[in-house]
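Working notes, structure below.
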Amino acid sequence: MAVYTPSEIEARWQVAWEKAGIFTAQRDETKPKYYVLEMFPYPSGRIHMGHVRNYTMGDVIARYKISTGHNVLHPMGWDAFGMPAENAAMAIGGHPKTWTYDNIADMRGQMKPLGLSIDWSREFATCDPEYYGQQQALFLDFLDAGLIHRKNASVNWDPIDMTVLANEQVIDGKGWRSGADVEKRDLTQWFFKISDMAGELKSALDDLENWPAKVRLMQENWIGESRGLQFAFSTANAPEGFDRVEVYTTRPDTLMGASFIGISADHPLAKQLEKENPEIAAFCAECRKGGTTAAEIETAEKMGFDTGIRARHPFDTDSKLPIYIANFILMDYGTGAIFGCPAHDERDWDFATKYELPIISTFLPTPDADEKLTTPYVPAKTEEVYYNRGFAGEETQTGEAAINAAIDFCEANGVGQGVTKYRLRDWGLSRQRYWGCPIPVVHCDSCGVVPEKKENLPIELPFDVDFDTPGNPLDRHPTWRDTPCPSCGKPATRETDTMDTFVDSSWYFARFTSPRADTPTVKEDADYWMNVDQYIGGIEHAILHLLYSRFFARAMQITGHLPESAVEPFNALFTQGMVTHEIYQTEGDNGRPVYHLPEDVTDGKLADGTEVQIVPSAKMSKSKKNVVDPLGIIANYGADTARWFVLSDSPPERDVEWTASGAEAAYKHLNRVHNISARIAEMDKSASGKDDDGLLRAMHKAIHDVTVGVETFGFNAAIAKLYGFTAVLQKSKAGYAAQHEAIKTLAQLMAPMTPHLSEHIWATQGGADLVATAPWPKADEAMMVDDTVTLPIQINGKRRGEISVPADMPKDEVEKLALATQAVQKALEGGTPKKVIVVPGRIVNVVV
RNA sequence: GCGGGCGUGAUGGAAUGGUAGACAUAGCAGACUUAAAAUCUGUGGGCCUUAGUGCCGUGGGGGUUCAAGUCCCCCCGCCCGUACCA
């Protein structure tokens, strides 16, 4: 019998697919199109099991759709700009460009043996000038359409390296290389006006039915629509021009509980006071220390500084509320100023307690509850409470009703107005870095900021740069900056900032529809191929990448680069989990953990007998040495085994633990299927046997279950069914015809997951052409119905017996049979049941 | 801090509110073999001098329901995101 040799089989069929050109996508109006896309990788240099899993899932969908008659687009590219390339240049020398393209070549070489159904003719990298030149064209069109503007924003500033740091380069408030205390610093930067679309981006989420609910919810919360009251406190003894402080609150119903006003350290009033008062200047400087991340700002100890200025309450003009500058108030949100109601807000409570400010309740759980609180009282807005200091609406009402009543009351009395605000901020796209897409504008002394002319695109990155000094090499390049002003022609300088790499990944899916065009997209291609029918990627991209892409699709529609129908570019989204592996660690001399490679550990021990500590299910990472190299797996077992395993053991949305025994088991199974095929091929073609019908029934059930599994991303469940069907076939004594049909069908059902072995079996069994293009088998409903079903009998919800009945037996007859069973009779003790529930085909529950 | 998710045998996991543990792995027992590997078969949550269609059991505590792993509330742990990592 022929032996299963994946290396030989896999190489042969990959050549056959390439020769047949079956994965090269072309417009074909006669077939329904299907665009499947996995989030493209960053070219780090090595593929890992996470990639294998991600691309295998997409491949299963793509191959399945080919076999159901679709014209499939399944492209691949590289998210190739970004910091690691610059870091590598700094750490080991070389050039980001060389490093990146070398990595791409390596990774492509590692991906090809997986046998993915990718149209490689459409491949591109975002660092190709042909790509980022078109991105610059989009930038100019967006600018022209008013979708981009400039404003100030704070960045992490390293005062020793004199450079801007990314958030991940700030460790415990210090620069990662210099160790200096990081400060916030304001820079003028470019912004996409995504916040103008906040309402639309939120409401459109409702129609994304084939997106995970959790992702829609996360985006909704991120956009953060709120209805509130914007109004002003008048001030006493404030500097000129600040006789009012405008605040925004989502809880106007707590207005009578206000005990202080808080303003951001970046509020215009704070900035004015800073000029006059060195103490305030010192406090504001203190607030500006530390990083710019929300987590850092929110968890920092709350600090306030009493400005000495007092505010009058709109409904109690004798009152004098202190105005504090506070470090937890963000200038970006609302008006940069709040009123604090410590009785009903955790943060305000902490602040008021620290600075001994009054705590005044405005509502209580019941009218007779104690007014004096020991903790902030923050019930859900939907809960009814008693307003002891209400001023609008009913005495007892929900927070929601009270908020609406308060807004109406305030508007009627000329105290501010109800407004809808969003948490979503504009998207700052400027980066003070080299390895990104240059922003195509020129700064001219006479004309100001001038867009570059389209015919001058792409504005290419210069190659002759060095990374010996921190900061952006474009800034210190001797000639690259010099350029004539596109408007007046006088000498001017280029913008040296490049674009956020999220820009690159916000439209690549559209570019795949016409990757070589000399415009960003081509109408016919975009019209035909968009949208992405199935998008697959990690949950870590739930908010930023997906939200930015939704914004870009809208902006591209406005500027004529995408059709109206593509404003939501991803029809269906699937978020997959990570691939994890145990960590093996021992303790080093300094008490720190020392990590060991899986191949160095046998039975929990190192070669020298040292016991290792095993940490389960950790995300694979090089530093922890728990990375399993896909190439090694492919060399040992073949790509089909790797593909089968990453799909089999875990639901795709969850993390999968890589285990050597699991991979071994996958290999054994494929061997078994291979051997069954070989056995059937050697059968006497006219041989008859026993129970052909049983085998064919199992086959039709398998067709049904696997089809459902593939269509619903239940790959692990589909594989479990394939195990079951394989076991039936292996034991079957059926005749040749039935067994031959069964093995051919098995090969087809396995083809999306193990395409090479399936082609081999298909060919062995005399199948026509390629299994990759053969039509997907159809389950015969008639072959799937069982005549009898086994119903469990429950007594008071606990299983106490079972009956076997015809599948179509009426409810009342099932009830009679159930009541007659020994178990029920025993439980009834001659009495009558209180209730009998019969769920046809499912269960019988008798309540006694 | 905030937003979202997850938690089931020794292990990965299955289960439209309806028989908890499908399928797979480790382990154990057996067949084949001179022996081993490979292969095949069985077993495979815990408890019990009552071995029973017995009791307990899906992170912990409470609730809704004829029925809860699944729905609701509180708590614990882990993971993702938190706007300059990609």
Side-chain angles (χ1 to χ4, degrees), chain A residues 39 41-42 44 79 81-84 153 155-156 164-170 189 194 212-215 217-222 224 292-300 328 332 346-347 423-433 500-502 504-505 538-545 547-548 575 577-578 580 616-617 619 645 648-651 653-662 664-666 668-669 671-672 675 714 716-717 719-724 727 730 790-802 822-823 833-837 839 841-847:
Chain A
M39 290 180 186
Y42 180 80
S44 59
D79 189 12
F81 276 134
M83 290 203 308
V155 294
N156 301 306
V164 177
L165 299 179
N167 286 335
E168 71 158 13
Q169 295 174 317
V170 180
Q189 313 214 53
I194 188 172
K214 63 180 171 187
V215 175
L217 187 58
M218 279 190 258
Q219 291 217 355
E220 186 177 326
N221 290 335
W222 182 260
T292 56
T293 69
E296 250 179 305
I297 291 165
E298 295 269 341
T299 52
F328 62 93
D332 292 315
E346 295 267 358
R347 285 194 306 187
R423 204 186 73 101
L424 180 67
R425 309 200 295 255
D426 277 338
W427 169 14
L429 67 110
S430 302
R431 295 292 182 272
Q432 296 69 44
R433 274 183 260 289
D500 177 10
T501 55
F502 272 122
D504 312 335
S505 55
I539 186 68
E540 65 272 22
H541 295 294
I543 295 174
L544 294 181
H545 163 60
L547 188 63
Y548 290 158
T575 55
M578 299 177 297
T580 63
S617 297
K619 183 175 178 170
F645 175 74
S648 69
D649 231 28
S650 208
E653 69 275 14
R654 240 196 276 179
D655 296 348
V656 63
E657 171 91 11
W658 182 274
T659 59
S661 56
E664 178 78 31
K668 281 184 188 173
H669 179 74
N671 237 308
R672 208 172 296 140
N675 293 343
N716 56 327
I719 283 181
K721 301 293 181 187
L722 285 167
Y723 271 114
Q730 183 161 29
T790 304
L791 292 183
I793 310 289
Q794 290 185 336
I795 293 164
N796 291 339
K798 294 201 176 222
R799 187 177 183 279
R800 283 291 182 272
E802 60 182 40
Q822 212 185 346
K834 282 188 194 149
K835 200 170 178 183
V836 181
I837 294 118
V839 183
R842 277 286 177 192
I843 204 162
V844 180
N845 192 9
V846 182
V847 186

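Chain letters run A, B, ... following the sequence lines, proteins first, then strands; residues in each count from 1. None of the values given here were measured: they were computed from a predicted structure. Basis for what follows: all heavy atoms, side chains included, without hydrogens, waters or symmetry-related copies.
Screening V844(A), I837(A), N845(A) for a side-chain contact (heavy atoms from CB on, under 4.5 Å) involving Q794(A) leaves a single residue, N845(A).
Looking only at side-chain heavy atoms (C-beta outward), L547(A) and L424(A) come within less than 4.5 Å of each other. A 4.5 Å side-chain heavy-atom check between W427(A) and D500(A) finds at least one atom pair inside the cut-off. N156(A) is not listed as a side-chain neighbour of V164(A), based on a closest heavy-atom distance of 4.5 Å or more. T292(A) places a side-chain heavy atom less than 4.5 Å from the side chain of N167(A). A 4.5 Å side-chain heavy-atom check between T575(A) and K214(A) finds at least one atom pair inside the cut-off. Put simply, the side chain of I539(A) reaches to within 4.5 Å of the side chain of M218(A), judged on heavy atoms.
In this structure, Y548(A) atom OH and rG81(B) atom C1' are separated by 12 Å, rounded to whole Å. Taking atom CG on N221(A) and atom C1' on rC80(B), their separation rounds to 15 Å, with Å as the unit. Here the P atom of nucleotide rC85(B) and the CZ atom of R433(A) are 8 Å apart, to the nearest Å. With rounding to whole Å, Q169(A) atom CD is found 8 Å from rC85(B) atom P. Rounded to whole Å, atom P of rU82(B) lies 12 Å from atom CD1 of I539(A). Rounded to whole Å, atom P of rA83(B) lies 11 Å from atom CZ of R431(A). The separation between I297(A) atom CD1 and rG81(B) atom P is 19 Å, rounded to whole Å. Counting to the nearest Å, the C1' atom of rC23(B) and the CD1 atom of I719(A) are 10 Å from each other.
rU70(B) and rU16(B): their P atoms are spaced 13 Å apart (whole Å). Across the C1' atoms, rG13(B) and rG45(B) are found 14 Å apart, a figure rounded to whole Å. rC66(B) and rC55(B) have their P atoms separated by 22 Å, given to the nearest Å. Look at the P atom in both rG5(B) and rG52(B): the space between them is 46 Å, to the nearest Å. For rA35(B) and rA20(B), the P atoms lie 45 Å apart once the distance is rounded to whole Å. rG59(B) and rA68(B) have their P atoms separated by 15 Å, with the value rounded to a whole Å. As rounded to the nearest Å, rU19(B) and rU53(B) have C1' atoms that lie 12 Å from one another. As rounded to the nearest Å, rC23(B) and rA37(B) have P atoms that lie 26 Å from one another.
Residues passing the side chain to side chain contact (heavy atoms under 4.5 Å, CB included) test with R347(A) are E298(A), K302(A), F328(A), D345(A), sequence neighbours excluded.
At a threshold of 4.0 angstrom between heavy atoms, the contacts of W222(A) include nucleobase atoms, whether or not backbone atoms are also involved. V164(A) comes within contact range of at least one nucleobase, with a heavy-atom separation under 4.0 Å. Here G82(A) lies in heavy-atom contact (under 4.0 Å) with sugar-phosphate atoms only. The residue R672(A) sits close only to the backbone: its heavy atoms come under 4.0 Å of sugar-phosphate atoms, none of a base. Using a 4.0 Å heavy-atom cutoff across all strands shown, K668(A) reaches sugar-phosphate atoms only and no base atom. Contacts of H541(A) with the nucleic acid, taken as non-hydrogen atoms under 4.0 Å apart, include base atoms. Backbone-only engagement by K798(A) is indicated by non-hydrogen atom pairs under 4.0 Å involving sugar-phosphate atoms exclusively. Here S648(A) lies out of heavy-atom contact (under 4.0 Å) with every strand. As judged by a 4.0 angstrom heavy-atom cut-off over every strand, Q730(A) is placed among residues touching the sugar-phosphate backbone only. Within 4.0 Å of A295(A), counting heavy atoms only, lies at least one base atom of the nucleic acid. Base contact: F502(A) has a heavy atom under 4.0 Å from a base atom. Residue contacts for T501(A): at a heavy-atom cut-off of 4.0 Å it reaches the sugar-phosphate backbone alone, with no base atom in range. At a threshold of 4.0 angstrom between heavy atoms, the contacts of L424(A) include nucleobase atoms, whether or not backbone atoms are also involved.
OP1 or OP2 of rC66(B) sits under 4.0 Å from a side-chain N or O of K835(A). An OP1 or OP2 oxygen of rC55(B) is reached within less than 4.0 angstrom by a side-chain nitrogen or oxygen of R800(A). Using a 4.0 Å cut-off, some side-chain N or O of N167(A) falls inside it from OP1 or OP2 of rA83(B).
With rU25(B), rU82(B), rG4(B) as the choices, the nucleotide that has an atom nearest any side-chain atom of L544(A) turns out to be rU82(B). In this structure, of rA86(B), rA83(B), rG5(B), it is rG5(B) that holds the atom nearest to the side chain of L217(A). Of the candidates rC84(B), rA83(B), rG4(B), the closest approach to any side-chain atom of D500(A) belongs to rC84(B).
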Dump the intermediate steps for side-chain contact (heavy atoms from CB on, under 4.5 Å) on L544(A) and W222(A), then the final yes or no. CA-CA 9 Å; L544(A) 294 181; W222(A) 182 260; 3.9 Å; yes
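Remark on RNA chain B: of its neighbouring residues M218(A) and I543(A), the 5'-side contact belongs to M218(A), judged by nearest-heavy-atom nucleotide.
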Between protein and nucleic acid, restricted to nucleotides 14-19 of chain B and to nitrogen or oxygen atoms under 3.5 Å apart, what atom pairs and distances do you find?
{"from": "rA14(B)", "atom 1": "OP1", "to": "N716(A)", "atom 2": "ND2", "distance (Å)": "3.1"}
{"from": "rA14(B)", "atom 1": "OP2", "to": "R654(A)", "atom 2": "NH2", "distance (Å)": "3.0"}
{"from": "rU16(B)", "atom 1": "O4", "to": "R842(A)", "atom 2": "NE", "distance (Å)": "3.2"}
{"from": "rG18(B)", "atom 1": "N2", "to": "N845(A)", "atom 2": "ND2", "distance (Å)": "3.4"}
{"from": "rU19(B)", "atom 1": "O2", "to": "R799(A)", "atom 2": "NE", "distance (Å)": "2.7"}
{"from": "rU19(B)", "atom 1": "O2", "to": "R799(A)", "atom 2": "NH2", "distance (Å)": "3.1"}

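With rounding to the nearest 0.5 angstrom, the CZ atom of F645(A) is 14.0 Å from the NE2 atom of H669(A). Taken from NZ in K834(A) to CG in N796(A), the straight-line distance is 7.5 Å, to the nearest 0.5 Å.
The strand RNA chain B forms stems, runs of 3 or more Watson-Crick or G-U wobble pairs with distances below 3.5 Å, at B:1-7 with B:76-82, B:10-12 with B:23-25, B:27-31 with B:39-43, B:45-47 with B:54-56, B:59-63 with B:71-75.
In this structure, rG9(B) is classed as syn because its glycosidic torsion stays within 90° of zero.
Remark: side-chain polar atoms of Q219(A) are paired, donor with acceptor, to backbone N or O of A542(A) under 3.5 angstrom. Not a single donor-acceptor pair under 3.5 Å links the side chain of D79(A) to the backbone N or O of P41(A).
Below the 3.5 angstrom threshold, one finds a donor paired with an acceptor across the side chain of Q432(A) and the base of rC84(B).
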